[in-house]
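First the structure, in the form of structure tokens, and then the observations on it.
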2 protein chains.
Amino acid sequence: MSLRARRAKATIRDVAAYAGVGIATVSRALNDDPDIAAATRARVLEACEALAFRRSSLARSLKVGATDNVGVAIMSRHAPVILNPFYAEVIGGIEGVLEDAGKHLLLSSLKRRDDLLDLASEGRVDGLLVVGCDVVPEVLTRLRDVELPVVLIDNAFEGIPSVVVDHVGAGSQAARHLLDGGGTRFAFVAENLENPNFRARLEGFRRALAGAGIELTPEAIAAGGDSWDGGYAAMSRVLAAIHPPPDAVFAANDPAALSAAKALNEHGLRVPDQVALVGVDDIHLAAHHAPPLTTVRFDKRGLGATGARHLLDRLAGRQVPALTTIATELVERGTSRSDRGTR
Amino acid sequence: MSLRARRAKATIRDVAAYAGVGIATVSRALNDDPDIAAATRARVLEACEALAFRRSSLARSLKVGATDNVGVAIMSRHAPVILNPFYAEVIGGIEGVLEDAGKHLLLSSLKRRDDLLDLASEGRVDGLLVVGCDVVPEVLTRLRDVELPVVLIDNAFEGIPSVVVDHVGAGSQAARHLLDGGGTRFAFVAENLENPNFRARLEGFRRALAGAGIELTPEAIAAGGDSWDGGYAAMSRVLAAIHPPPDAVFAANDPAALSAAKALNEHGLRVPDQVALVGVDDIHLAAHHAPPLTTVRFDKRGLGATGARHLLDRLAGRQVPALTTIATELVERGTSRSDRGTR
DNA sequence: CGTCGCGCTGGAAACGTTTCCGGTCTCGGC
DNA sequence: GCCGAGACCGGAAACGTTTCCAGCGCGACG
């Protein structure tokens with residue numbers, strides 16, 4: 001009788017037999033149903049223990065219609081996606097709130113767009129967090145029509161709750177800071193100009209300058225390619241095109257800024273004395289660069305966390321805002337000096 | 001007749017009815033069964049399209065006994081785990097091979113150890129990758145007795161296939177390099193001395209020195225705490241204890257090394273002229289530090305990738321080696337100079 | 001012309017749960 | 001002593017697949 005614990009995984013029936021009760025009763029014991037006598041529950045639990053029984057989450061999910069896991073999909077041409085420190089932070093935020101809610105997180109870095117739709121409709125997850133601005137409208141339309149709760153992160157689309165960063169605001173903060181610092185000749189460098197976030201930053205930058213009566217000419221805008229030294233190439237191009245050289249440079253992100261700094265140095269221009277430089281992202285390296293990089297920071301973990309919270313709210317049937325914006329904040333460091341105005 | 005596509009999610013029965021076939025036939029069409037006429041298959045597929053049918057992976061998994069997703073569990077006291085760049089790299093490697101194999105990856109950063117056992121026996125995953133050296137033997141024993149295929153990464157345990165880094169080798173490589181550079185007074189700094197990996201590095205370091213007839217005294221070994229400046233504190237302690245100060249320092253990892261460099265600077269000791277310094281990990285910052293940090297590198301992504309590959313092999317019923325070791329490699333940069341021997 | 005084999009198909013039984021619905025038992029009130 | 005009401009429990013029907021097994025039609029072979 002005590003050697004019942006055989007090889008094959010115990011099922012709820014085995015437990016029922018062992019405890020001398022019906023399977024419904026076992027289920028009740030497992031689910032903290034109030035309609036069960038304390039003694040019976042104890043006996044059942046004991047039987048579970050004795051048989052090393054673990055209920056199949058598969059069968060349960062099938063019956064109950066929910067899996068308790070949510071998908072986190074990141075669409076990216078560049079695999080693997082976790083290595084992108086930006087996404088890593090976002091996922092970190094997501095992970096935190098999901099873990100606390102007892103949800104499991106199914107991570108998927110989609111290469112093909114069909115994978116995303118598959119994930120959405122296979123029933124593997126209860127909800128979906130779609131991260132990144134590379135997801136095209138066509139996919140989003142299909143996503144909207146699927147019954148699965150979806151929340152977009154760092155991307156916005158009509159009809160799907162979205163959490164975005166105020167990239168435009170980041171651009172204008174940078175512009176204002178550079179203006180305050182006494183900049184007069186402005187430039188914008190980036191790895192590429194296709195990324196919607198970069199475009200938004202540029203747009204904010206341009207608009208704020210326009211507000212001060214300054215126009216950003218096409219030669220003052222350059223993209224240098226998605227490699228590690230894209231910012232270098234972009235900066236070099238600007239330096240070749242404009243004379244005298246700019247004294248206020250805004251880079252679409254920190255890597256571009258750091259790499260642009262190198263180009264400036266090699267060109268004999270000293271940062272921040274002759275050129276002020278500001279980036280976006282506040283990556284770890286930024287603070288440890290020499291000189292430390294002035295940058296526009298935003299709460300990446302908060303971005304992921306609020307997205308996750310909104311999804312949980314939707315799963316619970318609560319309403320969530322259609323669009324949430326994460327604020328940005330300029331952190332002044334060594335590559336710009338606001339007291340430079342009087343020279 | 002064409003307005004069949006109603007709200008409720010279509011099931012395989014609906015498709016069968018729509019296509020005028022039996023449900024078994026639909027299943028066959030979906031699973032590329034050879035025993036089905038081409039015309040029938042086409043009709044079924046068309047019906048699927050028309051009804052926007054997507055089969056439930058839940059039901060399928062339940063019947064078939066496999067879910068096509070594997071768990072990646074990282075046990076860590078410090079949440080969230082993806083933010084640790086080391087783990088991020090490892091996960092990146094895992095992600096790559098899993099994605100290629102068509103598996104989904106269920107990410108779990110366990111706080112409680114029971115969560116790990118739950119994950120292992122709930123049937124949610126087909127296999128488990130357990131990452132990190134913080135998992136205690138007691139849990140591993142239980143894990144071994146579970147029917148689920150498990151592979152350990154950066155950790156080893158009798159009876160579970162494991163993939164580890166040759167931390168001992170890393171320590172001795174560092175020692176040899178420092179000896180070659182002419183070091184005579186050695187020290188070891190770390191954030192803590194509990195981490196098994198750090199201990200292994202120290203052990204390798206100590207052994208290689210012993211091989212050269214040099215003994216590492218207790219005062220030359222210090223841990224400064226797990227904070228950002230643990231290395232700083234450790235280094236300061238050593239400097240206070242030893243006179244004349246060491247001329248060759250090995251840090252258990254790069255953050256500690258960087259932070260130790262700061263302590264050395266503040267103490268008026270110039271790196272590498274007066275003290276040679278080497279770390280482990282080759283984090284991104286290392287190469288961009290001034291001066292660039294000499295460090296011991298190993299293939300973190302490969303670590304994850306081989307672990308994942310071994311798990312896939314196990315899932316396919318193939319045998320895998322009980323223990324695989326990832327080699328390390330010293331990369332010489334600015335904080336050490338091998339030509340320093342003659343001074 | 002009967003029968004065999006073969007290509008294709010459909011029905012029904014699983015897989016391991018939850019949950020509805022009804023049943024038994026006990027107990028207090030009359 | 002009977003009755004109704006709870007409290008507790010068990011059987012069985014789902015959930016949406018896969019797969020076994022039997023059946024059908026039909027050409028070929030004897």
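Just so we're on the same page: letters track the sequence lines, and every chain starts at 1. Because the structure is predicted, anything quoted here is derived from the model rather than measured.
Atom CG of A/Asn31 is separated from atom CZ of A/Arg60 by 5.0 Å, given to the nearest 0.5 angstrom. Rounding to the nearest 0.5 Å gives a distance of 7.5 Å between NE2 of B/His104 and OG of B/Ser57. Distance CZ/A/Arg43 to OG1/A/Thr25: 9.0 Å, rounded to 0.5 Å. Separating the CG atom in B/Leu106 from the CG atom in A/Leu107 is a distance of 9.5 Å, to the nearest 0.5 Å.
Applying the side-chain contact (heavy atoms from CB on, under 4.5 Å) test to B/Asp33 and every residue at least two apart in sequence or in another chain returns B/Arg28, B/Asp35. Considering only residues two or more places apart in sequence or on other chains, B/Glu147 meets the side-chain contact (heavy atoms from CB on, under 4.5 Å) condition with A/Lys9.
Side-chain N/O atoms of A/Thr11 include none lying less than 4.0 angstrom from OP1 or OP2 on C/dC15. Contact annotation: B/Arg55 reaches the phosphate of D/dT18 (side-chain N/O to OP1 or OP2, under 4.0 Å). Dashed line: the shortest gap from a side-chain N or O of A/Ser56 to OP1 or OP2 of C/dC15 is not under 4.0 Å. Taking side-chain N and O atoms only, A/Ser61 has no distance below 4.0 Å to OP1 or OP2 of D/dC15.
Between the base of C/dG10 and the side chain of B/Arg28 there is a donor-acceptor pair shorter than 3.5 Å.
Spacing between atom CG of B/Asp14 and atom C1' of D/dC15 amounts to 13 Å, rounded to whole angstrom units. In this structure, B/Phe53 atom CZ and D/dG16 atom P are separated by 10 Å, rounded to whole Å. Distance B/Asp35 CG to C/dC8 C1': 7 Å, rounded to the nearest Å. Atoms CZ (B/Arg43) and C1' (C/dT9) sit 11 Å apart, rounded to a whole Å. Distance, B/Leu30 CG to C/dT9 C1': 16 Å, rounded to whole Å. For the pair A/Asp33 CG and D/dA7 C1', the interatomic distance rounds to 12 Å; values are reported in whole Å.
If you check residues 19-27 of chain B against DNA chain D, the residues with a heavy atom closer than 4.0 Å are B/Ile23, B/Ala24, B/Ser27, listed by number.
Although no hydrogens or angles enter the test, the distance criterion places a donor-acceptor pair under 3.5 Å between the side chain of B/Ser56 and the main chain of B/Leu58.
Within 4.0 Å of A/Leu62, counting heavy atoms only, lies at least one base atom of the nucleic acid. Residue contacts for A/Ser57: at a heavy-atom cut-off of 4.0 Å it reaches no nucleic acid atom on any strand shown.
Annotation: of the two residues near DNA chain C, B/Pro34 and A/Arg54, the 5′-most nearest-nucleotide partner is B/Pro34.
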